[in-house]
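Data block below; observations after.
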Amino acid sequence: MAKFDLETIRHSAAHLMAAAVQELYQDVKFDIGPSTDDGFYYDFDMAHRLTPEDLEKIEETMRTIVNKRLPFERMEISREEATAILTEKGQTYKLERLADVPEGQTITFYKLGDFCDLCRGPHVENSGQITAFKLLSIAGSYYRGDEKNPMLQRIYGTAFEDKKTMHDYFQMLEEAKKRDHRKLGKELDLFSMSDMVGPGLVLWHPKGSFVRYTFESYWRDAHYNNGYEMIFTPHIGRSTLWETSGHLDFYKDSMYSPMEVDEQDYYVKPMNCPFHIEIYKSRLRSYRELPLRWSELGTVYRYEKSGTLHGLLRVRGFTQDDAHIICTPEQIESEIAEVLRFSLQVWKDFGFKDIKPYLSTRPAKAVGEPERWELAIKSLRKAVDEIGLECEVDEGGGAFYGPKIDLKIKDAIGREWQTSTIQFDFNLPERFDMTYIGEDGRKHRPFMVHRALLGSIERFFGILVEHYAGAFPLWLAPEQARIMPITDRQRDFAEQVYNDLKKRGFRVSLDDRSESVNAKIKDARNERIQYMLVIGDREVENGTMAVRSRREGQLGEMNIDQIADKMRFEIDNKVC
RNA sequence: GCCAAUUUAGCUCAGUUGGUAGAGCAUAUCACUCGUAAUGAUAAGGUCAUCGGUUCGAUUCCGAUAAUUGGCUCCA
C-alpha cells in the first residue's frame with residue numbers, strides 16, 4: 001500500500017517541477033499546478049519560450065532536487081503576510097488566486113527548497129518520495145481558461161507511485177498509439193481527408209464505407225424493430241427556419257455562411273431537429289398517434305474552430321444517428337426507459353460492456369416550465385434506476401433547453417468515450433409552437449426528446465477502429481476470409497473454394513500471387529483478416545483447407561461446410 | 001481562433017553548415033512454385049506543402065499562407 005495517494009504524489013511532482021523551473025528561469029511567474037487524471041501540469045508565464053529540449057533540462061534539475069530529499073514544509077500565514085510575500089516576488093497570478101481564497105480560510109504556503117508556493121496541499125514529506133515521474137509536453141493555455149486572457153506556457157507531466165506502474169501507463173499509451181484510428185485508417189485504407197476538399201471533411205474509402213454501410217444497416221433494422229420510423233430531410237434550409245429555431249441567434253458562429261438563391265438565404269444544416277419538427281407540423285396531430293419516434297442518419301455541417309479538429313473524432317461534416325421522440329407527458333417515463341434500454345442493447349452488440357450514464361439537471365438559466373423539468377428529470381432518474389446502472393449526477397449541468405442523460409462507454413483498453421445522449425428539449429416545441437389535440441379536444445404542447453445513440457457516425461467509426469484495433473469482428477469486416485493456395489497446382493481447387501464461399505454470402509478473396517505462404521500470411525495479418533485458408537497439395541487431396549484464425553491461431557484442416565458454419569455462427573452472434 | 005511543433009517519393013523516414021536529393025516498404029516487369037509473419041533481380045517514382053523575399057544560386061535562411069500534430073478554448 002502506497003504511503004501517499006496518487007493525487008498527492010502528482011501534485012507534489014508539480015511543485016517539484018515548478019521548483020526546477022524557478023531554478024532555471026528566474027523571471028518565471030507561477031499560476032497553478034494541479035494533478036489531473038493522467039498526471040499533472042503547471043502553468044508558467046516567462047520571457048523564455050520553452051522547447052522540448054528544455055523539458056530534459058527541467059527533468060534533470062528535478063532529479064537533483066529529488067536526490068537532495070528536500071522537505072515539503074507547510075506554513076500557515078496570515079493573509080497580509082501572504083500578500084506581502086507574493087507582491088515582493090511579483091507573483092501577480094498568485095495574488096489573484098490568493099484573492100479567491102475565501103475570507104476566514106487558513107492560508108497555507110508550501111516550501112520546497114527555494115520554491116515557496118501558495119497551496120492548500122497536501123504533499124509528500126520530502127522530494128525523495130517522488131520516485132517515478134516524467135515530463136510529457138509543452139502546451140499553451142489561457143489564464144483561467146478564458147481566451148480573452150493572456151496565454152501561459154503549460155508543461156504536462158505525469159507521476160506514479162512507483163516505476164512499474166508508470167511503465168504500465170506508458171505501455172498503455174503505446175497501445176493507444178498503435179490503435180490510433182488515423183494511423184489505422186491509412187494503413188487499412190478506410191478513409192482519408194484531403195486539403196483540396198477541406199479540413200474536417202471525411203472521404204470514406206470502399207473498405208471504410210463497407211463497415212459503415214454494414215453498421216448503418218444494422219442500425220436501421222434495429223430502429224424499425226424497436227418502434228422507430230425513418231425519415232429523410234434536406235441538407236439546406238431557408239433562413240426563416242433557423243430564425244425560428246433560434247440557431248441564427250445563438251449558434252451562428254458555428255454555421256457555414258449562407259448561400260443566396262432567388263434572393264433568399266439558405267443555410268447548410270447544423271442540426272436535423274427543425275426539419276423533423278416541420279414534418280410534425282405538416283398536419284394537425286392527435287394524442288392518438290403519439291408517441292412518434294422519427295429517426296434519420298442526418299448529415300450536418302458545423303464550422304468547428306480549426307484547432308479543434310481531430311481525425312474522425314472531431315470533424316466539420318458528420319452524420320448524426322439522430323432521432324426525435326415526440327410524446328405526451330404520460331408517455332415520457334416509459335419512452336425514456338425504452339431509449340436507455342435500446343442504447344445499451346446497441347452498445348453490447350458492438351462489444352462494449354462497460355457503460356456509465358451521466359445525468360445533467362436544470363441549470364440556473366433555463367427555459368421551460370419547472371414542472372416539466374421536474375417530470376423530465378424524474379423520468380430520467382427512474383430509467384437509470386430500472387436499468388440498474390450506477391449514475392453520476394451533474395446538478396445544474398444540463399443545457400438551458402432541457403435535462404439529459406449521456407452515456408460514456410469504456411473501450412478495450414479502458415478509455416472512456418462520451419457517445420449516446422438523450423436530451424429533453426423545452427425550447428424548440430415552444431419556438432415552433434408544436435401542439436397535439438388531446439383527449440379533451442384541446443391543444444397541448446408535446447414533450448420532445450432528442451436522442452443519438454452512436455453520436456456521430458464518423459466519431460463512432462473512429463472509436464470502433466480503436467476499440468477493435470482495426471480487426472473488425474466478422475459481421476463488420478470488409479474481408480472475412482482469404483484463400484491462399486501455396487502453389488499454382490492448387491489454383492483450381494482454391495478457385496472452387498472461393499466461388500463456393502462467395503455463393504454462400506461470405507466476403508472472401510483469393511491470394512493467388514506468386515508469393516510465398518509466409519508473405520501471404522504476413523500481408524493478411526497486416527490487413528487484419530480474421531480467417532486465412534491455406535490450401536496445399538494435402539488439402540486438395542482431402543478436399544479441405546488449413547484454417548488459421550487471427551484470434552485463435554492454427555485450427556487444423558476443415559472442410560468447406562465446417563468453416564462456413566464457424567463463420568456463420570460468429571457473424572450471427574456478432575462475436576467480437 | 002490562440003500557444004507551440006511539423007510538412008522531403010503512394011507510405012514510413014534519412015539528408016544537404018545554401019550548389020535542385022536518398023533508403024526501406026508499396027508499385028511495374030521478369031524469374032521463382034514455395035506449408036503458416038517478408039524469394040530474388042531490374043525499372044519507374046520527387047517543382048523537397050504553397051506563394052513571396054534575401055542571394056550569382058533556396059529544398060536548406062527570412063516572411064506570409066495552408067494543412068497536420070500536441071494542448072487551450074469551444075462542443076446552444
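Numbered from 1 within each chain, the chains take letters A, B, ... in sequence-line order. Treat the numbers as computed from the prediction; the structure is a model and nothing was measured.
- Stems are defined here as 3 or more consecutive Watson-Crick or G-U wobble pairs with pairing distances under 3.5 Å; those involving RNA chain B are B:1-7 with B:66-72, B:10-13 with B:22-25, B:27-31 with B:39-43, B:49-53 with B:61-65.
- The side chain of A:K305 sits closest to B:rC74 out of B:rC34, B:rC74, B:rG71.
- Within 4.0 Å of A:A546, counting heavy atoms only, lies at least one base atom of the nucleic acid.
- Across B:rU59 and B:rU50, the matching P atoms stand 9 Å from one another, rounded to whole Å.
- Side-chain atoms of A:T308 stay outside donor-acceptor range of the base of B:rC74, with no qualifying N/O pair under 3.5 Å.
- Note on residues 298-310 of chain A: pairs passing salt bridge (charged side-chain N to carboxylate O under 4.0 Å, His left out), not counting sequence neighbours, are A:E147-A:K305, A:E304-A:R314.
- You won't find any donor-acceptor pair under 3.5 Å spanning the side chain of A:Q490 and the base of B:rG35, going by distance alone.
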Polar atom pairs between nucleotides 25-28 of chain B and protein, under 3.5 Å, N or O only, would you list them?
none

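- Among the atoms of the strands shown, base atoms are found under 4.0 Å from some heavy atom of A:R314.
- For a distance-only test at 3.5 Å, the side chain of A:Y142 fails to qualify as a donor-acceptor partner of the base of B:rG71.
- Residue contacts for A:V534: at a heavy-atom cut-off of 4.0 Å it reaches a base atom on one of the strands shown.
- When distances are taken from the side chain of A:R489 to each of B:rG71, B:rA76, B:rU33, the shortest belongs to B:rU33.
- Residue A:E527 is classed as having no contact, given no heavy-atom separation below 4.0 Å to the nucleic acid.
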